[in-house]
2 protein chains.
Amino acid sequence: MRADAQRNYARLLAVAEEEIALNGADASLEQIARVAGVGSGTVRRHFPNRHALLAAVFRDRVENLCAHARERVGRPDTRAALLEWLSAVTTSAATIRGLAMALNRDKAADAEHGHCATTQLAEAGEPLVRQAAEVLAPGVTITDLIALITGIALATEDHPDPAAEANRLLGLAVTGLSPLDGRIRRPEPASGAS
Amino acid sequence: MRADAQRNYARLLAVAEEEIALNGADASLEQIARVAGVGSGTVRRHFPNRHALLAAVFRDRVENLCAHARERVGRPDTRAALLEWLSAVTTSAATIRGLAMALNRDKAADAEHGHCATTQLAEAGEPLVRQAAEVLAPGVTITDLIALITGIALATEDHPDPAAEANRLLGLAVTGLSPLDGRIRRPEPASGAS
DNA sequence: TGCTAAACGGCGGGGGTCTCCGTATCGTAC
DNA sequence: GTACGATACGGAGACCCCCGCCGTTTAGCA
């Protein structure tokens with residue numbers, strides 16, 4: 001890769017990050033080119049489509065989350081290990097503008113490209129789910145959890161405090177919105193009352 | 001309202017519904033105008049912005065859901081009443097293309113316009129939540145439930161069977177992904193096994 | 001220092017949104 | 001039945017964006 005290409009690539013990545021933080025996942029590519037001081041063709045050469053740009057911008061963040069997951073595998077308290085990681089993912093997805101949408105989108109383009117962000121996250125988180133299977137509701141997969149998290153992040157996008165709200169909703173989903181179900185009982189059957 | 005205006009309004013609504021079903025919430029307004037056989041100005045006169053169009057297109061659906069909620073108020077099994085309604089909302093949000101996104105977007109523009117779809121839904125569903133408070137996790141509000149549902153619907157948008165998947169995720173969130181929490185216990189501690 | 005492949009920039013086509021205004025049409029009053 | 005005013009219509013124009021393409025510049029090597 002030529003030196004000027006490297007420069008432009010780095011510069012574009014930095015500008016894109018800012019621009020996406022400012023205007024969300026569908027920030028203007030032209031605008032990014034303009035701010036970076038390069039032609040629009042250069043953007044498209046480095047990143048053939050928006051998906052590629054998003055993937056590149058969020059790569060580090062996603063890898064951090066993956067690492068975060070890996071270092072939690074094998075912990076004695078499997079439930080806490082999983083929940084902490086889920087909370088971390090939720091916080092990132094809710095805080096970093098555009099990340100949730102990026103994750104949501106590439107689920108669609110997942111089949112073709114192979115190693116998208118969601119797949120990476122899923123692979124990294126799967127061991128945590130497996131080792132916590134005992135304390136998980138039957139049928140829960142890592143894919144479900146990621147879907148739920150990205151959904152929550154999308155839904156809390158324009159909340160005053162997205163991270164807090166998203167984590168609160170995640171907590172509710174984890175312990176159950178209405179856990180009573182025959183299989184699972186409430187703490188006190190509360191004799192009588194309405 | 002003049003007769004031709006009424007005709008165009010109805011026609012636009014019908015075309016918009018199809019077009020949104022086909023291309024999602026950000027279907028082209030120009031395209032809608034073209035298919036309806038009117039000028040683009042006419043679209044923008046009847047619906048100043050995309051939000052207004054979406055609101056109009058989904059008005060009936062949302063009102064149905066509201067009615068659905070109202071007729072469930074007062075039922076003996078408050079939990080079932082609420083859960084059935086939540087499931088109905090989830091199915092609609094997941095099935096009707098663009099609805100989830102519309103619900104998600106107008107939460108933002110809610111403050112200014114006053115009576116958006118989400119507010120309507122919230123007002124209609126609130127009694128169901130109140131009367132089921134006993135069997136709900138503490139702190140759960142109707143707003144939370146709607147946020148969660150729209151999130152789930154957004155996240156399952158491009159699944160082969162969105163309604164089924166969305167309802168499954170909703171079910172998991174209702175009974176709890178990992179209900180064990182001190183307050184709530186699992187059915188069988190499952191002696192041994194993997 | 002010269003050459004070549006790689007990277008650059010920006011033009012042109014297609015499409016979308018939004019505003020505005022001249023014109024056609026409806027509904028009514030006579 | 002006609003004439004008129006209000007109302008709605010249609011589309012042109014300005015602006016932005018995405019995308020593909022190609023002539024030109026430049027980095028890196030011999």
Side-chain angles (χ1 to χ4, degrees), chain A residues 1-58 97-98 101-102 104-106 108-109 112-113 158, chain B residues 1-58 97-98 101-102 104-106 108-109 112-113 158:
Chain A
M1 195 172 188
R2 251 168 62 171
D4 52 347
Q6 273 179 300
R7 267 201 311 275
N8 279 335
Y9 184 88
R11 186 165 183 68
L12 278 174
L13 221 50
V15 172
E17 189 167 348
E18 290 174 21
E19 212 61 32
I20 288 174
L22 236 57
N23 302 326
D26 36 41
S28 161
L29 302 185
E30 297 265 324
Q31 168 79 354
I32 292 174
R34 244 172 288 145
V35 173
V38 303
S40 67
T42 300
V43 178
R44 314 201 63 72
R45 191 166 329 104
H46 286 294
F47 311 102
N49 49 50
R50 168 168 261 105
H51 181 257
L53 178 62
L54 291 174
V57 165
F58 294 132
R97 188 115 184 255
M101 186 151 293
N104 196 39
R105 292 231 183 129
D106 75 2
E112 29 184 312
H113 293 85
D158 39 17
Chain B
M1 196 173 188
R2 248 167 63 172
D4 52 346
Q6 273 179 299
R7 267 200 310 276
N8 279 334
Y9 185 89
R11 186 165 184 69
L12 278 174
L13 219 51
V15 172
E17 188 168 347
E18 291 174 20
E19 212 61 31
I20 289 173
L22 236 56
N23 303 327
D26 37 39
S28 159
L29 302 185
E30 295 266 326
Q31 168 78 354
I32 292 174
R34 246 173 288 147
V35 173
V38 303
S40 67
T42 300
V43 178
R44 314 201 66 75
R45 192 167 328 103
H46 286 293
F47 311 102
N49 48 51
R50 168 168 262 107
H51 180 255
L53 178 63
L54 291 174
V57 164
F58 293 131
R97 189 112 185 258
M101 187 151 293
N104 196 39
R105 293 232 182 128
D106 74 3
E112 30 183 313
H113 292 84
D158 40 16

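Each chain gets a letter, A, B and so on, in the order the sequences are listed, and its residues count up from 1. Predicted model only: the values in this text are computed from it and were never measured.
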**Student:** Short of 4.0 Å, heavy atom to strand atom, which residues of residues 19-38 of chain A count as contacting DNA chain C?
**Tutor:**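 A:Gly37, A:Val38, in order of number.
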
**Student:** On DNA chain D, compare the nucleotides closest to A:Arg45 and B:Ala5; which residue's is nearer the 5' end?
**Tutor:** B:Ala5

**Student:** What is the distance from CG of A:Asn8 to C1' of C:dA6, rounded to the nearest Å?
**Tutor:**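 Atom-to-atom, A:Asn8 to C:dA6, this comes out as 13 Å.
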
**Student:** What is the minimum heavy-atom distance between A:Leu29 and A:Arg44, and which atoms define it?
**Tutor:**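 Taking A:Leu29 first and A:Arg44 second, the nearest heavy atoms are CD1-NH1, 3.4 Å.
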
**Student:** Is a side-chain N or O of A:Arg50 found less than 3.5 angstrom from the main chain of A:Ala25, in a donor-acceptor match?
**Tutor:** yes

**Student:** Between CG of A:Leu13 and NE2 of A:His46, what distance do you get to the nearest 0.5 Å?
**Tutor:**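 One gets 10.5 Å once the value is rounded to the nearest 0.5 Å.
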
**Student:** What are the bounds, 5' to 3', of the part of DNA chain D that sits under 4.0 Å from heavy atoms of chain A?
**Tutor:** D:dC17 to D:dG28

**Student:** How many angstroms lie between atom CZ of A:Arg7 and atom CZ of A:Arg2, to the nearest 0.5 angstrom?
**Tutor:**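 Reported value, rounded in 0.5 Å steps: 9.5 Å.
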
**Student:** Using 0.5 Å steps for rounding, measure from the CD atom of A:Glu19 to the CZ atom of A:Arg97.
**Tutor:** 11.0 Å

**Student:** Nearest whole Å is fine: how far is C:dA6 C1' from A:Asp4 CG?
**Tutor:** 8 Å

**Student:** Return the minimal non-hydrogen interatomic distance between B:Phe47 and B:Ala56, and the atom names on each side.
**Tutor:**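 The pair with the smallest heavy-atom distance is CE2-CB, 3.7 Å.
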
**Student:** Return the value, rounded to whole Å, for the distance between atom CG of B:Leu53 and atom P of C:dC18.
**Tutor:**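 After rounding, the gap between these two atoms is 12 Å.
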
**Student:** Measure from CZ on B:Arg7 to C1' on C:dT25 and round the result to the nearest Å.
**Tutor:** 10 Å

**Student:** Going from CG on B:Asn23 to CD on B:Gln31, what distance comes out if it is rounded to the nearest 0.5 angstrom?
**Tutor:**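 Nearest 0.5 Å value for the CG-CD distance: 7.0 Å.
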
**Student:** Determine the minimum heavy-atom distance between B:Val43 and B:Val38, stating which atoms define it.
**Tutor:** CG2-CG2, 4.2 Å

**Student:** Roughly how many Å is it from NE2 in B:His46 to P in C:dC18, rounded to a whole number?
**Tutor:** 17 Å

**Student:** Mind checking the CE-CG spacing from B:Met101 to B:Leu54? Nearest 0.5 Å is all I need.
**Tutor:** 10.0 Å

**Student:** Can you measure A:Arg11 atom CZ to C:dA7 atom P for me and round it to whole angstrom units?
**Tutor:**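 My rounded result for the distance is 19 Å.
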
**Student:** Starting from the 5' end of DNA chain C, give me the residue, B:Gly41 or B:Arg50, whose nearest nucleotide shows up first.
**Tutor:**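 Between the two, 5'-proximity favours B:Arg50.
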
**Student:** Under 4.0 Å between a side-chain N/O of A:Thr42 and OP1 or OP2 of C:dG9, yes or no?
**Tutor:**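 Yes, A:Thr42 has a side-chain N/O under 4.0 Å of OP1/OP2 on C:dG9.
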
**Student:** Looking at B:Arg2 and C:dT25, is any side-chain donor or acceptor paired with a base atom of the opposite kind under 3.5 Å?
**Tutor:**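 Indeed, a donor on one side and an acceptor on the other fall under 3.5 Å apart.
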
